[in-house]
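Throughout, protein chains are lettered first and strands after them, A, B, ... in sequence-line order, and every chain is numbered starting at 1. Source: prediction; values computed, not measured.
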There are 2 protein chains.
Amino acid sequence: MAPELQSRPIQPNLDLELPAGTMRDLVDKALERIVDHISSLPGQPSADVEGYEALARSLVEPLPERPTEYAALLDLLFKELVPKSFNTAGPGYLAYIPGGGLFHSAVADLISDAVNRYVGVWIAAPGLAQLEANVIRWFSAIVGYPAEARGILTTGGSLANFTALVTARRNLLPDDFLSGTLYASDQVHHSVVKAAMLAGFPAANVREIATDDRYRIRLDHLEKSVETDRRGGLRPFLIVGNAGTTNTGAVDDLDGLADVAERQNAWLHIDAAYGGFFMLTRKGREVMHGIERAHSITLDPHKGLFLPYGTGSLLVRDGDALRRAHAVDASYLPPMQQDTDLVDFCLYSPELSRDFRGLRVWLPFKMHGIEPFRRNLEEKLELAAWAAEELRSIPSVEIVAEPQLSLVAFRVVRSVLNTEAENELNRRLMLKVNARKRVYLTGTILRGKFVIRICVLSFRTHFDRVEAALEDIRSALRDLT
Amino acid sequence: MAPELQSRPIQPNLDLELPAGTMRDLVDKALERIVDHISSLPGQPSADVEGYEALARSLVEPLPERPTEYAALLDLLFKELVPKSFNTAGPGYLAYIPGGGLFHSAVADLISDAVNRYVGVWIAAPGLAQLEANVIRWFSAIVGYPAEARGILTTGGSLANFTALVTARRNLLPDDFLSGTLYASDQVHHSVVKAAMLAGFPAANVREIATDDRYRIRLDHLEKSVETDRRGGLRPFLIVGNAGTTNTGAVDDLDGLADVAERQNAWLHIDAAYGGFFMLTRKGREVMHGIERAHSITLDPHKGLFLPYGTGSLLVRDGDALRRAHAVDASYLPPMQQDTDLVDFCLYSPELSRDFRGLRVWLPFKMHGIEPFRRNLEEKLELAAWAAEELRSIPSVEIVAEPQLSLVAFRVVRSVLNTEAENELNRRLMLKVNARKRVYLTGTILRGKFVIRICVLSFRTHFDRVEAALEDIRSALRDLT
């Protein structure tokens with residue numbers, strides 16, 4: 001060592017590098033709580049947020065100057081904060097669109113965080129990037145996309161829909177795109193409306209098309225709207241179809257949409273965030289027939305593959321279109337691959353640095369093969385069909401939307417009441433069901449009417465829990481009459 | 001149980017719900033590999049991607065129909081794929097902007113994935129959402145923002161810069177915004193240019209302003225450009241300043257930028273993805289004086305806080321402006337909080353469903369308090385200063401950019417060579433250094449000249465490794481002469 005080095009020692013700070021024993025200890029202690037938590041999920045309340053405001057306010061604190069003992073932090077998390085929530089991990093969560101939270105993905109994130117490799121640029125971790133590229137190929141195979149399809153994993157459906165919208169805009173419209181108009185049914189997820197706003201479209205450019213009695217887009221209205229706009233000097237460029245709406249699980253006529261899109265030279269994007277992975281089932285393939293004709297598809301692995309929150313996906317049939325819309329160069333970046341079989345994800349995505357999401361999907365797929373996912377999805381379809389049948393047998397109940405996939409929407413009808421009073425009755429019914437805390441249901445407003453939804457999608461939800469939901473609905477109805 | 005239920009049994013599929021013993025086993029086996037991997041990081045090559053193409057191609061496979069044994073998957077990951085990479089987790093990674101990969105955050109993700117709660121809407125997990133809101137408050141305190149500041153955690157700097165740009169556009173420009181112009185130095189990160197494109201601006205609307213001899217934006221050129229554009233009928237609305245450029249770590253004159261932005265009624269966004277957390281140090285606060293006057297700031301915890309990839313952040317001084325730009329309503333969503341102290345993150349962000357990122361930051365902050373982060377950052381500043389001093393003592397070396405923070409850029413100068421040959425010499429020098437695999441350096445092009453960068457930012461990089469970098473540079477130089 002040169003003498004000047006010895007005279008300039010810079011002390012290493014080692015506080016954040018944990019010794020092997022500490023790493024093991026942190027994980028062991030967390031795992032103990034996690035295993036207890038997951039094992040007790042069936043008995044946990046389906047939702048409990050009472051006193052939430054005081055709890056939250058009590059947690060506000062300045063930047064921590066001093067360390068807190070790990071055990072105390074785990075106590076706070078597992079005894080106080082996690083239980084005070086909608087139990088999105090539990091079997092009774094039949095609200096919104098459930099997910100689940102495969103434990104395999106938690107292990108995958110433990111690994112990918114700990115090894116902290118970077119997959120946004122292919123050359124930085126070619127093997128790991130290829131695992132993520134495999135996941136995209138598998139999703140493409142599931143929806144029937146060809147080999148030239150490409151895609152990305154996102155954090156969820158919102159950014160997938162946004163990326164689809166930008167891709168359509170950049171491929172079909174000029175720089176001055178403000179006369180571009182886009183079309184979706186009145187049941188479309190608000191993330192599409194938000195994506196249009198983020199991508200620069202005035203709110204008025206998003207056309208809301210009426211739906212039929214099964215909440216599917218009216219193709220005649222759609223085509224008429226497109227043609228009227230074009231005659232008016234606007235540039236119709238994008239049609240967004242639904243494969244499983246959030247309100248009722250409605251699946252648009254995808255073949256019909258593809259026909260309209262072809263005739264009108266529009267990009268067809270299908271938001272299949274909820275429904276897409278039912279393509280693994282026979283029924284799903286029937287209901288979503290034609291989905292492979294879409295230019296792009298949003299899928300949410302954190303819904304239909306039961307992953308923890310944080311993994312959405314966008315697939316684009318012509319992968320080059322996705323790349324054309326997103327490739328930007330910089331002198332400090334490493335060289336990109338010329339062969340588009342070796343995917344530099346940053347050229348296909350709005351993100352540069354980001355987590356290695358692929359492992360969360362790859363690990364459970366590889367550990368189990370696809371069959372258990374298929375069978376789980378089939379089970380959810382059956383459970384929803386059974387729930388609908390049972391609901392139909394309750395005299396005062398009207399099925400507002402039959403399950404096209406695994407979601408049924410219903411309401412109680414009382415001919416003596418006006419709509420407002422009927423809505424109130426249904427709200428009270430839902431609250432009564434939820435108060436039993438075996439299941440958690442949510443409602444929505446459809447054509448002015450409040451309806452209650454049962455969406456079965458968690459891999460933890462089985463017959464006993466849907467049966468409990470029906471018992472609690474029947475019992476709450478009795479209490480209300 | 002009613003008789004019709006017995007006649008309609010729906011078999012539960014339990015394949016994806018792991019028994020407690022299996023959960024423990026998966027984690028134990030992964031942890032064993034992780035601990036070995038992390039313990040051996042100092043001896044691992046700083047980068048090794050030889051034969052990468054064949055490796056990647058060998059991994060392509062169809063959707064798995066059959067299960068693969070877990071041990072074989074871990075073997076593939078830890079023996080074949082993870083080692084074949086830029087070692088972004090190791091101490092020798094002095095390339096681009098290093099991160100690190102705090103193990104605490106891996107544990108945090110294990111927990112947040114396993115409990116799978118949802119924090120995008122406040123009422124769904126009020127306690128956990130508050131932890132994430134605390135993290136945003138702490139970041140705000142670090143940069144000197146007031147109590148009304150709000151922000152979000154993103155997946156990285158790209159989406160943070162994009163969200164800032166949309167926020168400025170939505171707050172300052174009309175629906176027809178195509179005459180809006182934005183300004184940044186010729187050293188700005190390409191994610192800003194990409195964000196402008198995603199948000200709908202033509203490429204020509206992004207003005208690239210010249211920099212001074214320290215690669216800081218020329219304020220006189222900036223103000224002249226803004227005024228020329230305004231006289232030309234354009235709408236200058238956004239100035240993007242740098243607090244730590246990727247090329248050289250340059251920090252613009254932030255007070256000067258704030259003065260210009262005030263005079264010109266423009267939004268001032270500071271991209272402090274790399275530099276921002278140096279605000280924890282005395283030197284950082286001097287260099288970034290005035291940062292708290294910006295309207296918004298991008299910070300990357302996966303850089304300056306040493307987190308694993310996947311956590312960026314955007315702070316907005318007037319939190320309501322962020323909310324105004326992103327709040328969209330939907331009938332199926334739960335009620336949002338009226339009190340803006342209880343933050344519904346989905347109203348402030350482009351995302352709805354997404355992972356619970358807050359725990360990754362909260363856990364290490366709470367376990368250690370802020371001091372070890374501060375001391376680590378101080379150490380990195382000292383290491384970069386030391387490296388610059390040593391480089392200066394090498395006769396043929398020119399320091400192209402003195403470290404304003406923890407990055408030094410240099411090149412070898414040979415007066416007998418033309419620029420092209422000199423560039424080639426520097427490229428060869430860098431490749432020779434990297435070939436020793438003790439450190440991994442990257443270069444960039446500055447005003448036509450290839451320069452080599454040393455960026456010290458990992459919590460695993462200490463004096464011995466920077467010393468090794470200098471040894472390898474000296475030795476490679478000797479070999480080349």
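- Both the backbone and the side chain of Leu16(B) come within contact range of chain A, with heavy atoms under 4.5 Å apart.
- Proximity to chain A is limited to the side chain of Ile38(B), based on heavy atoms less than 4.5 angstrom apart.
- Only the side chain of His302(B) comes within contact range of chain A, with heavy atoms under 4.5 Å apart.
- Looking at Ile34(B), only its side chain comes within 4.5 Å of chain A, counting heavy atoms on both sides.
- When heavy atoms are compared at a cutoff of 4.5 Å, Leu55(B) approaches chain A solely by way of its side chain, counted from C-beta outward.
- Both the backbone and the side chain of Ile111(A) come within less than 4.5 Å of a heavy atom of chain B.
- Both the backbone and the side chain of Val82(B) come within less than 4.5 Å of a heavy atom in chain A.
- For a residue to count as touching a neighbouring chain, one of its non-hydrogen atoms must lie under 4.5 Å from one of that chain's; by this rule Val166(A) touches chain B with the side chain only.
- Proximity to chain A is limited to the side chain of Thr246(B), based on heavy atoms less than 4.5 angstrom apart.
- Proximity to chain A involves both the backbone and the side chain of Glu61(B), based on heavy atoms less than 4.5 angstrom apart.
- Proximity to chain A is limited to the side chain of Phe78(B), based on heavy atoms less than 4.5 angstrom apart.
- Taking a cutoff of 4.0 Å between a charged side-chain nitrogen and a carboxylate oxygen, Glu80(B) and Lys84(B) do not qualify as a salt bridge.
- With a 4.5 Å cut-off on non-hydrogen atoms, Asp339(B) touches chain A through its side chain but not through its backbone.
- Looking at Ser349(B), the atoms closer than 4.5 Å to chain A (heavy atoms on both sides) all sit in the backbone: N, CA, C or O.
- Heavy atoms of Ala199(B) lying under 4.5 Å from chain A belong to its backbone as well as its side chain.
- Between Glu351(A) and Arg357(A) there is a salt bridge, since a side-chain N of the basic residue sits under 4.0 Å from a carboxylate O of the acidic one.
- Within the 6.0 Å centre-distance limit, the rings of Phe201(B) and Phe177(B) are counted as a close aromatic pair.
- Between chain B and the options His104(A), Glu378(A), Gln11(A), the largest number of non-hydrogen pairs under 4.5 Å is found for His104(A).
- Interface remark: His462(A) contributes side-chain atoms only to the contact with chain B (heavy atom separation under 4.5 Å).
- Counting only residues at least two apart or in different chains, salt bridge (Lys or Arg N to Asp or Glu O under 4.0 Å) contacts with residues 106-116 of chain B comprise Arg360(A)-Asp113(B), Asp109(B)-Arg360(B).
- Between Asn116(A) atom CG and Arg460(B) atom CZ the span is 8.0 Å, to the nearest 0.5 Å.
- Residues Phe459(A) and Phe103(A) place their aromatic rings such that the two centres sit no closer than 6.0 Å.
- Phe373(B) has its ring centre less than 6.0 Å from the ring centre of Phe365(B).
- Neither the backbone nor the side chain of Ala141(A) has a heavy atom closer than 4.5 Å to any heavy atom of chain B.
- Applying the side chain to side chain donor-acceptor pair (under 3.5 Å) test between Arg453(B) and each of Thr444(B), Asn247(B), Thr442(B) identifies Thr442(B) as the sole match.
- Residue Leu342(A) touches chain B through its side chain alone, counting heavy-atom pairs closer than 4.5 Å.
- In summary, Glu371(A) and Arg375(A) engage in a salt bridge, as defined by a charged side-chain N under 4.0 Å from a carboxylate O.
- Each of Ala195(A), Gly120(A), Gly100(A) has some count of heavy-atom pairs under 4.5 Å with chain B, and the biggest count is that of Gly100(A).
- Only the side chain of Leu102(A) comes within contact range of chain B, judged by heavy atoms closer than 4.5 Å.
- Interface remark: Phe306(B) contributes side-chain atoms only to the contact with chain A (heavy atom separation under 4.5 Å).
- In this structure, the portions of Val115(B) lying under 4.5 Å from any heavy atom of chain A include both its backbone and its side chain.
- If you measure heavy-atom distances from Leu359(A) to chain B, the contacts under 4.5 Å come from the side chain alone.
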